[in-house]
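Throughout, residue positions are numbered sequentially from 1 according to the sequence presented.
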Amino acid sequence: MNRAQLDKQPADVASMFDDVASRYDLTNDVMTFGLARAWRRTVARAVAARPGERVLDLAAGTGTSSATFTRHGAEVVAGDISEGMLSEGRRRHPEIDFIYADAMDLPFTDDRFDVVTISFGIRNIHDVDVALAEMLRVLKPGGRLVVCEFSTPTFPPFSVAYKEYLMRAIPAMTKVVSSNPEAYRYLAESIRAWPDQDEFAHQILDAGFDQVKYRNLSGGIVAIHHALKPAGSTAGRA
């Protein structure tokens, strides 16, 4: 069974997700007791895709989130580094453009998208600062960044119980529903290692974004960070 390491080398992460692609959405529903669907709806509202806008959905997986943006008339590009996920996404959503896209080296020109969004994928990137710089680069001035990621519960006693759930219950549950239970042990570890809401908000600010804010979901199990590319920004590759 393939399991990525916490240094998150792209090839390791891609291979791990290749292994779980066919049952990924089912496993997420089981692992989150169905909350993942509600979180996706909240992301769709935060993205607020409008007709004619260009939306880049990174770590798009099978396109479950990407499909919600097309319903509002936006042009959506779904990017991922897992060929298994891309293949599954193309099969399920032929109306969406699925392409290989490494968040640390995006294959797009500057100032191309109105929105860049990534759900439950940024913590799997080897160098988050490089990825945020790339997201800033491909956004149009005034464009929106929406990041949905597992975070730190705000009630300390619940936070302790949650961490125990991550390390004990998730691996046990995924033995039943996942094609690669070891992958979810890594995912639990990566959630525990991810910075809290305020720390990540400052990381986004340091990358050059403006008006950074976040909203906690499910008591802070998940947080949605929202930011804008400054209107006068000329961010591009060095």
With a 4.5 Å cut-off on side-chain heavy atoms, are [Y] and [X] touching?
X: Asp111; Y: Lys229; value: yes
X: Trp39; Y: Ser218; value: yes
X: Val116; Y: Phe108; value: no
X: Leu132; Y: Leu145; value: yes

How long is the straight-line distance from [atom2] of [Y] back to [atom1] of [X], given to the nearest 0.5 Å?
X: Ile224; Y: Thr117; atom1: CD1; atom2: OG1; value: 8.5 Å
X: Met85; Y: Asp80; atom1: CE; atom2: CG; value: 6.5 Å
X: Arg92; Y: Phe98; atom1: CZ; atom2: CZ; value: 9.0 Å

**OP:** Just jot down the side chain to side chain donor-acceptor pair (under 3.5 Å) partners of Arg50, sequence neighbours excluded, or say none.
**Re:** Glu53
**OP:** May I have all residue pairs that pass salt bridge (charged side-chain N to carboxylate O under 4.0 Å, His left out) and include part of residues 93-104, sequence neighbours excluded?
**Re:** none
Original post:
Pick one: which of Phe200, Phe120, Trp194 meets ring pair (Phe, Tyr, Trp, His ring centres under 6.0 Å) with Phe150?
Top reply: Phe120
**OP:** Using modelled atom types only, decide if a donor and an acceptor are shared between the side chain of His226 and the backbone of Gln211 within a distance under 3.5 Å.
**Re:**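 Not confirmed, His226 side chain does not pair with Gln211 backbone.
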Throw together a table of side-chain donor-acceptor distances under 3.5 angstrom for residues 202-209, partners on residues two or more places apart or in other chains.
residue : atom : partner : partner atom : Å
His202  : ND1  : Asp198  : O            : 2.9
Gln203  : NE2  : Asp129  : OD1          : 2.9

**OP:** State whether a side-chain donor-acceptor pair under 3.5 Å links Arg45 with Thr42.
**Re:**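 Judged by distance alone, the side chains do pair up.
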Subject >> Presence of salt bridge, Arg137 and Asp110, under 4.0 angstrom >> reply: yes
Scan the side chains in residues 65-77 for donor-acceptor partners under 3.5 Å anywhere in the protein, sequence neighbours excluded, and list what turns up.
residue : atom : partner : partner atom : Å
Ser66   : OG   : Asp57   : OD2          : 2.6
Thr68   : OG1  : Ser65   : O            : 2.6
Thr70   : OG1  : Ala67   : O            : 2.8

**OP:** Please identify each residue that fulfils side chain to side chain contact (heavy atoms under 4.5 Å, CB included) with Glu199, with sequence neighbours left out.
**Re:** Pro195, Asp196
Subject >> side chain to side chain contact (heavy atoms under 4.5 Å, CB included) involving Arg91 - partner list, sequence neighbours excluded >> reply: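 Testing Arg91 for side chain to side chain contact (heavy atoms under 4.5 Å, CB included), a comparison that skips the adjacent residues, returns Glu88.
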**OP:** Might you point out which heavy atoms bring Lys140 and Arg112 nearest each other, and give the distance in Å?
**Re:** CE-O, 3.4 Å
Original post:
Leu106 and Met135: which non-hydrogen atoms are nearest, and at how many Å?
Top reply: CD1-N, 4.2 Å
